[in-house]
Each structure stands twice: as C-alpha cells, then as structure tokens.
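Below is one structure, written out as structure tokens; the observations come after it.
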Protein chains: 2
Amino acid sequence: MAKRVTLAEVAAQAGVSPITVSRALRRPDTVQPDTRARIDAAVAALGYVPDPAARALATGRADVIGVLIPSATNAVFTDVLTGLYDELSETRFDLQYGITRYEPATEEKLLGVFLRQRPAGLIVAGIDQTPAARRLLERADCPVVQVMETGPDPVDMMVGFSHHDAAAAATRHLIAQGYRNPGFLGARMDPRTQRRFAGFRAEAEAGGVFDPERCETTPVPSSVGGGAALLRALMTRRPETDAVFCNNDDLAMGALFEAMRMGFPVPERLGICGFNDLEMMHAAEPALTSVRTNRFEMGVRAARMIRARLDGRDPGPALIDLKPQVQARRSTGGPS
Amino acid sequence: MAKRVTLAEVAAQAGVSPITVSRALRRPDTVQPDTRARIDAAVAALGYVPDPAARALATGRADVIGVLIPSATNAVFTDVLTGLYDELSETRFDLQYGITRYEPATEEKLLGVFLRQRPAGLIVAGIDQTPAARRLLERADCPVVQVMETGPDPVDMMVGFSHHDAAAAATRHLIAQGYRNPGFLGARMDPRTQRRFAGFRAEAEAGGVFDPERCETTPVPSSVGGGAALLRALMTRRPETDAVFCNNDDLAMGALFEAMRMGFPVPERLGICGFNDLEMMHAAEPALTSVRTNRFEMGVRAARMIRARLDGRDPGPALIDLKPQVQARRSTGGPS
DNA sequence: TCATCTAATGATAGCGCTGTCATCGTAGCC
DNA sequence: GGCTACGATGACAGCGCTATCATTAGATGA
C-alpha cells in the first residue's frame, strides 16, 4: 500500500505551514504566486492527494452529491445519471446513488443515510416523497433538486416535465390520426404512471373516446413480454380497440410484437404509441411513435443548478420544465 | 437542519463514557447487556446516527465499496449493479460508482479517486486494466473483485465467464442448426467484444464456415438502429449470409427489424443470435436466440466474496465461472 | 485470605484537515 | 515620520470518532 502523504509533509517540503498549503489548494488566489509554485511542486513531488474524510470532518460537509432513483436498470433513470455524471465528473464532487425500488419507505431510509454524510447536494427522482422524507429534504441544508417531473410545490429546485400533459399530448396525437377507440397499457402503476394515465384519460374523455374497459394495467414492473401480454388481454376483451397508448417503450415494443403474432397490421389495424422514446423506437419495423423525454438534459441541468448554488452563482429559475415532444412515426400513421 | 447528535451526548444520556457507546454500537457483545440497553435507549431517544467521515478518519478506512463500470446505461452493467446493491443494501457498506466510459485512462483516474478514500473493497469490470491501474489494484489493501469476465491472472478475486467460449457456444449452435454462411455483427469493439469475436471466429473456422467478409463491425457504441444498419450493410455486400451472431442483444433486435424491412424471413432465410439474453429477446416475434449471461448473479457473488473477506470468513474459491447458456429460440430455427 | 486472571469500562491521544483569530510586514496617506 | 489598512501567513484548537493502553471490579484457585 502506497503510504499516505499528509498536508503536513507537503508543508514541510515547501517550507510553509500546513494551513498555507490547505489554502493554496482550495483558494489559490489567496497565496503569493511564488509560494503557490513551491507548494504545487511539493504536491507533485510527493504525490499528495487530500483525504476526503478528514476534509469532511473538518468542514462538516462532504463533497458528495446524493442521488436517489427508483431503479438502476430502468433506462429512464440511467440516462439522467449519465447527464449528472457528465456534468460533475470533472468537479470535486462525487456522486453517490441510492436505489429506492419505488418504495417510499426505502427512499426515506436512504435519505437518512445520505444526510448523515452532510452531502453537498441532493437529487431525488419525482415528487412523491413521504411527509417525513419531505421534511428531511426541507431541513437538509444543501441544494435539493427534484428531477423527472414538475409539480406545484418544489422542495427547492425542480427539473422535469408534466407527465399528465405529456400523456395528454400523445393521446391528442392518436385522436388526430383518426383512431377512435384508443386503449391504455400500463405496468407497475407508480405515481408517475398514474399521472400519465390521468393525462390519457382526460384527453380521451375530452375527445369523447374514453372507455375504462380499454385500459389494461398490471402492478408488475414493465417489460417487453409484459407489454405483449397486456395487449393480448386487451385485444381479446375489447377487439374494437384500434390504438394503444403504452405507458412506456418496453410495453410498446411488446405490443408491437404481439400485434404481429395476432396478425394485426400496425398502424392500420392498431396504432401504437410509447413513452420516453428510447433509441430502439425509431429502429423498429414499423418505427414506433413515442414521447421524447429529455432525460440526459434533465441530469445535466440538475447538476448545473446544484453547482451554481454551491459556487454562489445564480442557479437560474428554480423550476425548469423540459417539455417532451411527441415523435410521430409510422406506428401511428392512422387506421386504414 | 436537525442538530447533529454526537457520541458524547449519547454517552452523557446513558451515563457511560463515549468509548463505551462506540463499542456498544460496533461490537455489542463486548458490553454488559444492561449497559447496552441503556445505550440503545439513549441512541433511540436522541436519534443518534454515526458520522461516517469521523469514523473513516479515525479508523483510516471508509465503509465504501467502489465499483468501476464502463457505462451506466448499458443494461449488462446495471444488472450487475442491481445484484451488488441487493446483497449490500442491508449492510453498513455504501456503494460508490465510477463510470469509465470504456476508457482505460478514465478507469485509472477513478481508481485513484476511490483509493484515496481507503475503500473497504473494490469491484472493477473486466480484466483489461492499464498496467498502472493493475498495480494500483494490487497494492490496494482491500479485497478486489474483477467481474464480467474470467481470465488467467486475477488481481485478487474474479466472478465472470469466458466471452470467447460463450461466443463459440453460440456459433456452434448456429452451425448445428444448419446455417452454413454465418456472419458476425459487432459494435464498439471493446476488449470483451473482441474476445467474443475471437470465439466466433475460432468456432466458425473449426466448422469450415468462416469468412472475414461476413464480419461487419463498427467502433460506434451498439444500438438497435446500429444493428439494423450493420445487417443491411452485411446483406448487401454478402447476400449469401444465412445467419448472424450479434455481439449483443441490441444489435440482434436491430437485425431482426432490418430483416423484416428487407423481406428476409427469420429464421428461414436468416438466423439471428444475440448475446446477454435481455428480457426483450424472448418476447420478440420471432423470439430471439441469445446467450444468457448471469449478470445479476455476478453482482451478488462479487458482493458476497467481499463481505466474506471483510468479515474474516472464508470467501470460497477466488475464481467463479458463471458459465452462460445458449437460449435457443425460434430465430435460429434453421434455414428452410 | 491473597495473588492472579478476566471481563467491563474508562482516559488519553490523535486521525488529517480547516475555521478563527493573531501576527507580521509593507504600502499608502496626511 | 507616524499612522492606518490590508494582504500574506501562521498558531491553535477542534471536527466526531476509535486505537491503545490503563484501570477497576469481580471471579477463580491455592
């Protein structure tokens, strides 16, 4: 094991006091240029790296940004992570992740784990924290960003979009394309899914084409296979269904394959619309319509807001709405 | 901000010295039952949570397990993460991730970042570390597990499989099914991809069916759209190709869609085999053959090995080979 | 009964760093 | 020339915890 080099050793080598080395490293403009040069040389010569634990203890603050997401395997969240990572990887901040498994209680617990480290910032997915978690977030004396979603009452800052409105826009598209018997496919039915369903329902009702019997849902997590099963169940029960708004792209992909198996031409007999616009959607045959959500951008913006606040700069508006767009493709080309 | 409660305050409340509280928390069997009870009550009453930074500074060791993976969006790695998480979430250990972006230099740098925290353990993807990174790992005085892959020269412990052999098995399957002009589709071409290609090549040559002109690769990261493009290029240049071994499932899915567009029936005109066996493979139409890799299990095992070592238990064999299996499905049903 | 051992608890010091205030020297000014 | 003001550097203490050794009380045995 390489021996640990301390500030004191660097200081001795540079012929200054430890505190001056500390300053030279953190606020280089507060030490004389030649002093700084001697210190830099000593740091390089000894291969000094600061001890994050010691710093955290002395400052009462860790250079860690905690991220709470429901799932590590759902592409929707990993895209946000990638955005965060991109924006933070060259800074002094480390990211630490917690996976809530869509369980509010787990989220609350992980929040406690993070908070005891006195993180520099906190990023949480969604707006559905428990009252206790919400209180913890409000009392956390660090910037907090809620991502994935916008809502009426930010804890601090927010980057996301309205799932209700996005689903409504997709539904509007289906109706505009001429589908008159649209259905809904949903899995897991977590709060965001529910809000998408509400958007679908509101718009379908407005268009006079809503039928609760054409809504097929399951509490199970979504998957391609699950989408296939849901579509089969729906088409068996309600054969008049001529389009489906799927709660996410996996379900839509499964619906496409099942439509093939059932011999329903897409889009003529059945229109299919997904949600999130993962890369695979445009490559499918036929290409699948979806709602493009700016997940990577969400991560980048969230990281930037936190950085701005920590650096004392203006973080800009506290609520950023990254409006999604319906990517119309062949799978919703209209009924024949 | 909730005021921080310290060990000393708990000690005062319980009428013991701070060090006894520390012991009661870390090794409950070393304090009297009634003392312990008083301390537990005080901890609960005050809502005490230990400060990880102070502990790390005092012990010279952080309860953090560092994980280095190439990508946060590739399902292959996130499945491993989920396994790790499952096994470690109820322990005192936190996971900290670093994304190497498939760049050895980034891996080396992140290793330095992790090491300065004196992590309790380290998990790295693959066996292709730079010499400097390898040296760092060897000198790290903590358990190290290389995951995703097996190789001849473990730094410490290893959980994975032979990508060469797995690809060879898939190729053997194609040949056994009667395909005589198999091709290869590959993207990114990182070291693991290269070894899969080598496995394909070795087996195809052994069967007398290898043709380098039937290998279509790109340095670009893999995607469904990319798989479609690769298949189109291959079939245009080498129309006699009657099957493709795709380096991963995204490419296979893209190849399937492109085969549809080109009017090639799968599996009669074109057999398709993927790699990893993501969930979507079984749900496709036709269902896609793939090589099932035990990614979740890899994460679980890696975490267990590290825990065993840290707890002084026997970690079992230092090298675990989680042999993948070819999941034969309709997409390789054989040529007509 | 007394030395000896063991289990339980405590006192002390220090992990590596930074916040706070003190000190020093020098420039600028009347 | 003497004063203030300010920039650069340093001394000191302490963040919250644990390693180490010391101490105490009780158990054990001759």
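Side chains are part of it too, since the values below use all heavy atoms of this structure and drop only hydrogens, waters and symmetry mates. Order of the sequence lines fixes the chain letters, A, B, ..., with proteins taken first and strands second; residue numbering starts at 1 for each chain.
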Is it the case that the side chain of R61(A) and the backbone of A56(A) share a donor-acceptor pair, with hydrogens and angles ignored and the cut-off at 3.5 Å? no
Below 4.0 Å: OP1/OP2 of dA11(C) and any side-chain N or O of S17(B): no
Taking atom CD of Q117(A) and atom SG of C142(A), what is their separation to the nearest 0.5 Å? 11.5 Å
Can you measure R26(A) atom CZ to dG16(C) atom P for me and round it to whole angstrom units? 17 Å
Do V76(B) and T293(B) have side chains that get closer than 4.5 Å, going by heavy atoms? no
Should R313(A) and D311(A) count as an ion pair when the cut-off is N to O under 4.0 Å? yes
Respond yes when some side-chain nitrogen or oxygen of S22(A) is under 4.0 Å from OP1 or OP2 of dT18(C), and no when none is. yes
Let me know the distance between CZ of R27(A) and P of dG19(C), rounded to the nearest Å. 9 Å
Without swapping roles, check the side chain of H163(B) against the backbone of Q194(B) for a donor-acceptor pair under 3.5 Å. no
Assert: residue with more 5' nearest nucleotide on DNA chain C, out of T20(B) and I19(A), is T20(B)
Quick check: closest heavy atoms across L84(A) and I123(A), and the distance to 0.1 Å? CD2-CD1, 3.2 Å
In this structure, how many angstroms lie between the P atom of dT18(C) and the CG atom of L57(A), rounded? 11 Å
Could you pick out which residue, Q32(A) or A54(B), lies toward the 5' side of DNA chain D when each is mapped onto its nearest nucleotide? Q32(A)
Listing time: all N or O pairs from protein to nucleotides 21-23 of chain C that are below 3.5 Å?
none

Mind telling me whether Y97(B) and Y97(A) have parallel, tilted or perpendicular rings, with 30° and 60° as the class edges? tilted
Along DNA chain D, first and last positions that approach a heavy atom of chain A under 4.0 Å: dA8(D) to dG16(D)
Any side-chain donor-acceptor pair under 3.5 Å between D79(B) and T82(B)? no
Could you give the CG-to-C1' distance, from L7(A) to dT18(C), as a whole number of Å? 9 Å
Between G15(B) and P50(A), who's closer to the 5' end of DNA chain C by nearest nucleotide? G15(B)
Look at all strands and tell whether P18(B) reaches a base, only sugar-phosphate, or nothing, counting heavy atoms closer than 4.0 Å. nothing
Separation of atom CG in D34(B) from atom P in dA7(C), rounded to whole Å: 17 Å
Can you tell me if R309(B) uses its side chain to pair, donor with acceptor, with the backbone of P315(B) under 3.5 Å? no
